[in-house]
There are 2 protein chains.
Amino acid sequence: MTDSTPKLDRYDRKILQLLQADARLSNQELADRIGLSPSPCLRRVKRLEDTGLIEGYRAMLNARALGLKLMAFIQISMDRHTPDRFDQFEAQIASYPEVLECHLITGHDADYLLKVIVDDMDGFQRLLLEKITRIEGVTGVHSSFVLKSPSSRTALPL
Amino acid sequence: MTDSTPKLDRYDRKILQLLQADARLSNQELADRIGLSPSPCLRRVKRLEDTGLIEGYRAMLNARALGLKLMAFIQISMDRHTPDRFDQFEAQIASYPEVLECHLITGHDADYLLKVIVDDMDGFQRLLLEKITRIEGVTGVHSSFVLKSPSSRTALPL
DNA sequence: CTTGAAATACATGCGGC
DNA sequence: GCCGCATGTATTTCAAG
């Protein structure tokens with residue numbers, strides 16, 4: 001589905017690396033740095049966008065400067081593992097902007113792992129008690145608070 | 001440190017929202033959409049960049065299309081909680097591009113939570129056995145594999 | 001793929017409001 | 001603080017080699 005031709009030569013890889021680091025590079029800059037002229041460079045970027053390899057360009061914001069001082073991971077257990085339970089849970093979760101990530105996982109007693117970000121403990125409490133634990137089928141919840149994040153990349157390894 | 005004046009009016013918020021969705025918007029487009037002329041719009045963007053509220057602009061890539069088919073979370077326990085142990089661990093971890101995130105957490109028996117991405121189980125095994133478990137002080141490791149990620153945002157809630 | 005030229009769109013600074 | 005214009009620059013898009 002999301003895949004296709006894994007035909008990436010060194011120019012494509014270079015393009016991806018550079019755009020992962022700075023999405024606002026102009027085509028000229030990009031062409032210069034990969035050692036190609038602007039025309040083929042732009043064609044490659046367009047192709048990478050069209051094939052879905054580049055999914056988009058995002059500004060990364062400083063969470064703390066926005067007052068989002070509390071990050072946490074929440075492990076969720078569900079009562080039954082039926083498709084409708086899961087679908088409903090996922091739909092609800094998708095509507096909460098505080099939930100940055102939701103992963104269905106294997107490994108221990110939990111079914112989902114959520115990464116959330118809120119202003120403070122009060123915001124966390126509201127998210128947990130008024131939203132997450134009220135979703136049908138949620139039986140267990142276990143929270144871990146983030147003290148610090150020594151590393152956090154958006155760039156995938158090439 | 002990273003904070004400062006939380007003085008964000010509706011224009012600033014709009015700018016942040018739009019750039020979070022599409023970092024490649026031109027200043028003109030941006031100005032149009034927030035209902036301001038290009039000059040003050042650009043001034044605001046620059047200010048948001050200078051104050052560190054906007055940390056950068058990144059291209060988001062499709063991991064699966066790059067052959068990165070296995071994502072996992074790894075919980076790490078350390079033998080002793082001394083600064084040098086932690087510093088050394090964090091420095092090592094920072095040098096592994098497969099580790100997308102490393103969080104120092106509270107909550108259960110683990111000290112760190114890592115989010116990693118690799119090609120397949122073989123790549124995971126190598127990362128775990130040849131790199132992570134060899135770091136001094138690592139005593140416990142518990143892995144959870146991601147089956148699917150129904151939601152994954154980069155945009156922070158405004 | 002490259003070069004080069006034309007047309008377009010852009011960022012930026014200044015005066016006026 | 002904002003606007004709108006003017007200017008110089010950068011960018012895209014074609015053509016042809």
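In what follows, every chain begins at residue 1, and chains take the letters A, B, ... in the order their sequences are listed.
When the P atom of D:dC14 is taken as reference, atom CZ of A:Arg43 falls 12 Å away, rounded to whole Å. Atoms CG (B:Asp12) and C1' (D:dC2) sit 14 Å apart, rounded to a whole Å.
Using a 4.0 Å cut-off between a side-chain N of Lys or Arg and a carboxylate O of Asp or Glu, A:Asp9 and A:Arg44 qualify as a salt bridge. A salt bridge is absent between B:Lys7 and B:Asp12; no separation between the charged side-chain nitrogens and carboxylate oxygens falls under 4.0 Å. A salt bridge links A:Lys148 with B:Glu90: at least one charged nitrogen is closer than 4.0 Å to a carboxylate oxygen.
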_Sequence-aligned protein contact record of nucleotides 3-17 of chain C, with B where the base is within under 4.0 Å of a protein heavy atom and S where only the sugar-phosphate is_ = B------SSSB----
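One finds the CG atom of B:Asp50 at 8.0 Å from the NZ atom of B:Lys46 (value rounded to the nearest 0.5 Å).
Using a 4.5 Å cut-off between side-chain heavy atoms of Ile, Leu, Val, Met, Phe, Trp and Tyr, with links allowed through other members, B:Phe145 and A:Tyr112 fall into different hydrophobic clusters.
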